[in-house]
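No experiment lies behind these values; they were computed from the predicted model shown. In the text below, chain A, chain B and the rest are named by the order of the sequence lines, each starting its count at 1. In what follows, every heavy atom counts, from backbone to side chain, and hydrogens, waters and symmetry copies are set aside.
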Amino acid sequence: MEDVLFFIAAIGAVVGAIGVIALRNPFYSVLALVSHLLSLALLFLLLEAQFVAAAQIVVYAGAVMVLYVFVVSYVGGQGEPLASIGPGLGGVGLVLCIGLFVELSIAILGSGLHAIDTDGAKLGPGFGTPGQIGQLLLTKFLFPFEIASFLLLVAAVGAVVLARRRRGIDAPDEPLPPRDRLELTAAEVMRIPRAGSQAESIGLGQEEKEEQGGW
Amino acid sequence: MTVAWYLVVSALIFCVGAAGVLVRRSPLVILLCLELMLNAGNLALIAFSRMTGTGDGQIFAIIVMVVAACEVVVGLGIIVALYRRRLPIDVDQLRRLHG
């Protein structure tokens, strides 16, 4: 039974992964990734990682993929021709990846690890449950846990700075760079048309009023 | 199933993701392929966690998920900023974006 489930989940995961890179419409690519993530959660369950499997479904296949779907429908999922980079370069990329897979397989199967050919060590009670994960996160891995929370904060602030839209500033539209010059710098991409300064965007001009009001 | 099977599946998914990054040109799909590669790494970490019988690999996998979420948020923010500037959503034409 476990073997059958493994093969179903593994085939689902690989087919989903191939669907991500083979489908032309980015919207379908996102949906293929969702099915890939669900199959992967089943593999996690087979490896006795219940909490990670649940987090995979709720956080990844739920929240992160919704973000993707929003952005794809905002940007408009225009398809691109699959052979757009030319048959030569595409072929080189595929050959490189097949070579990488052969190399990885040789490294895995010839690693000399004895435990790799077993079903794994004997597990204590409560392996992979939320209780054990929480205990590890707050004792042995407290420092990575805090770093991860800080990283999330930095990413949230960065996303707001990148994608904000500021209103109410009557500046003439800046000329766009000419269409034939398509090499743009990061600073040009970040400067949104009709945008004010960084200080105005976070409301620095209104500090005094707020101070008088007090908290 | 032995742990080696899971590791081979993980290697296969990683290579499919790497092929996507090399072959596709839309930054949206390239981000999706990065997700594939991170997930392959997660699968290998959890397989090793099962092999050793300790929970350390699962903590690693959760931290990798956090990093993946951050990468998605910032990457999609850049794509939205590109779209607002009416720029082509094509990595070949944005090759000076390293700043």
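- Top candidate by heavy-atom pairs under 4.5 Å with chain A, chosen from B:C70, B:A69, B:A40, B:G20, is B:C70.
- Using a 4.5 Å cut-off between heavy atoms, A:L46 contacts chain B through both its backbone and its side chain.
- With rounding to the nearest 0.5 angstrom, the CD1 atom of B:I46 is 7.0 Å from the CG atom of B:L43.
- In terms of heavy-atom proximity, A:L42 sits nearest to A:A9 at CD2-CB, 3.7 Å.
- Taking chain A as the reference chain and counting heavy-atom pairs below 4.5 Å, the highest number among B:V73, B:L76, B:V80 is found for B:L76.
- Put simply, of A:L109, A:L152, A:V59, the one with the most heavy-atom pairs under 4.5 Å next to chain B is A:L152.
- For A:Q56, the parts sitting under 4.5 Å from any heavy atom of chain B are the backbone and the side chain alike.
- B:I63 touches chain A through its side chain: at least one heavy atom from C-beta onward sits under 4.5 Å away, while N, CA, C and O do not.
- Using a 4.5 Å cut-off between heavy atoms, A:Q132 touches chain B through its side chain atoms alone.
- A:F101 touches chain B through backbone and side chain together, each having a heavy atom under 4.5 Å away.
- Residues B:I13 and B:M37 have side chains not in contact (no heavy-atom distance under 4.5 Å, counting atoms from C-beta outward).
- With a 4.5 angstrom heavy-atom cutoff, A:F70 does not touch chain B via any of its atoms.
- Of the inter-residue distances, the one linking B:L45 atom CG with B:I62 atom CD1 reads 11.0 Å to the nearest 0.5 angstrom.
- Side-chain contact between A:V34 and A:Y60: absent, with no pair of heavy atoms (C-beta onward) separated by less than 4.5 Å.
- Between A:C97 and B:A18, the closest heavy-atom pair is SG-C, 3.6 Å.
- When heavy atoms are compared at a cutoff of 4.5 Å, A:L33 approaches chain B solely by way of its side chain, counted from C-beta outward.
- When heavy atoms are compared at a cutoff of 4.5 Å, B:L32 approaches chain A by way of both its backbone and its side chain.
- Atom CD of B:E35 sits about 7.5 Å away from atom CG of A:L37, to the nearest 0.5 Å.
- Pairing each heavy atom of B:A68 with each of B:L38, the nearest pair is CB-CD1, 3.5 Å.
- Shown here for A:A13 and A:S39, the closest heavy-atom pair between the two residues is N-CB, 3.5 Å.
- In this structure, chain B has heavy atoms under 4.5 Å from both the backbone and the side chain of A:L137.
- Between chain A and the residues B:L36, B:V8, B:V9, the most heavy-atom pairs under 4.5 angstrom are made by B:L36.
- Taking every heavy atom of both residues into account, A:G19 and A:S29 meet most closely at O-OG, 4.3 Å.
- Inter-residue side-chain proximity for A:L94 and B:L22 is flagged as unmet; no heavy-atom pair is nearer than 4.5 Å.
- Only the side chain of A:L40 comes within contact range of chain B, with at least one heavy atom under 4.5 Å from a heavy atom of that chain.
- By the 4.5 Å heavy-atom criterion applied to side chains, B:I59 and A:F145 are not counted as neighbours.
- Contact of A:I98 with chain B is not made at all, since no heavy-atom distance falls under 4.5 Å.
- For B:L31, the parts lying under 4.5 angstrom from a heavy atom of chain A are both the backbone and the side chain.
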**Message:** Quick one, A:V4 with A:I8, criterion side chain to side chain contact (heavy atoms under 4.5 Å, CB included). Give me CA distance, side-chain angles, the key distance, then yes/no.
**Reply:** CA-CA 6 Å; A:V4 175; A:I8 291 174; 4.0 Å; yes
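- Of the two parts of A:V30, the backbone and the side chain both hold a non-hydrogen atom closer than 4.5 Å to a non-hydrogen atom of chain B.
- Both the backbone and the side chain of B:V67 come within contact range of chain A, judged by heavy atoms closer than 4.5 Å.
- Atom OG1 of B:T2 and atom CE of B:M51 lie 11.0 Å apart (nearest 0.5 Å).
- Of all heavy-atom pairs spanning B:Y83 and A:V75, the tightest one is CE1-O, 3.4 Å.
- Heavy atoms closer than 4.5 Å to chain B are found in both the backbone and the side chain of A:V20.
- When each of B:T52, B:I79, B:D56 is scored by its heavy-atom pairs under 4.5 Å with chain A, the top score falls to B:D56.
- Residue with the most contacts toward chain A among B:L12, B:V21, B:V66, B:I30: B:L12 (heavy-atom pairs, distance under 4.5 Å).
- For the set A:L100, A:L96, A:I147, the entry with the most heavy-atom pairs within less than 4.5 Å of chain B is A:L100.
- With a 4.5 angstrom heavy-atom cutoff, B:F48 touches chain A only via side-chain atoms.
- The candidate with the highest count of non-hydrogen atom pairs below 4.5 Å against chain B, out of A:F44, A:F7, A:F127, A:Y68, is A:Y68.
- Using a 4.5 Å cut-off between heavy atoms, B:S49 touches chain A through backbone and side chain atoms alike.
- Atom OH of A:Y28 has 12 or fewer neighbouring heavy atoms from other residues, nucleotides or ligands inside a 6.0 Å radius.
- Contacts of A:L151 with chain B are made by both backbone and side-chain atoms, with heavy-atom separations under 4.5 Å.
- By number of non-hydrogen pairs under 4.5 angstrom with chain B, the leading residue of A:V14, A:V64, A:D3 is A:D3.
- Taking A:H36, A:M65, A:Q135 one by one and counting their heavy-atom pairs under 4.5 Å with chain B, the maximum is reached by A:H36.
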